[in-house]
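What follows is one structure encoded as structure tokens, with my remarks underneath.
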Amino acid sequence: MSQSFTFIDVAGNRAQYTVSEKDQHDNFHWSTEYGDHGVASQFAEAQYRARTVLKGSMEASRRSDEVRAGKPSFR
């Protein structure tokens, strides 16, 4: 069993991440729609890690899209 969540950034971009129920080793597995994944010992920690990695992946994807479109990056 797992739970999926939608993260919405300040620009309104949406992405999903999933956290599984505790496995036989008492770990929670998480993954993002960008293919990132990991393991945490607590559900809240798994959510935090998934969101943190997801934010980075979304930002990298957004910058990549801006470069392809020829838009300047204001960082």
Partners of [X] by side chain to side chain contact (heavy atoms under 4.5 Å, CB included), sequence neighbours excluded?
{"X": "Thr18", "value": "Ser2, Ser4, Ser31"}
{"X": "Thr52", "value": "Tyr48"}
{"X": "Asp26", "value": "Lys22"}
{"X": "Thr6", "value": "Ile8, Arg14, Gln16"}

Closest contact, heavy atoms only, [X] versus [Y]:
{"X": "Ser57", "Y": "Asp36", "value": "OG-OD2, 2.7 Å"}
{"X": "Thr32", "Y": "Ala50", "value": "CG2-O, 3.9 Å"}
{"X": "Met58", "Y": "Ala15", "value": "SD-CB, 3.7 Å"}

May I ask you to list the residues sharing a hydrophobic cluster with Val39, side-chain cutoff 4.5 Å, ordered by chain and number? none

Is there a side-chain contact (heavy atoms from CB on, under 4.5 Å) between Val53 and Trp30? Walk through the geometry before answering. CA-CA 10 Å; Val53 170; Trp30 59 266; 3.7 Å; yes

Quick test of your reading of the model: are Glu45 and Arg49 salt-bridged, counting only N-O distances below 4.0 Å? yes

Could you list the residues that satisfy ring-ring contact (aromatic ring centres under 6.0 Å, His included) with Phe43, not counting sequence neighbours? Phe28

Atom CZ of Phe7 and atom OH of Tyr17: how far apart are they, to the nearest 0.5 Å?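 Separation between the atoms: 8.5 Å.
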
Just how far is it from atom CG of Asp9 to atom NZ of Lys55, taken to the nearest 0.5 Å?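 Spacing of CG (Asp9) from NZ (Lys55) equals 9.5 Å.
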
Any heavy-atom pair between the side chains of Asp23 and His29 that's under 4.5 Å?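 Yes, at least one pair of side-chain atoms sits under 4.5 Å.
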
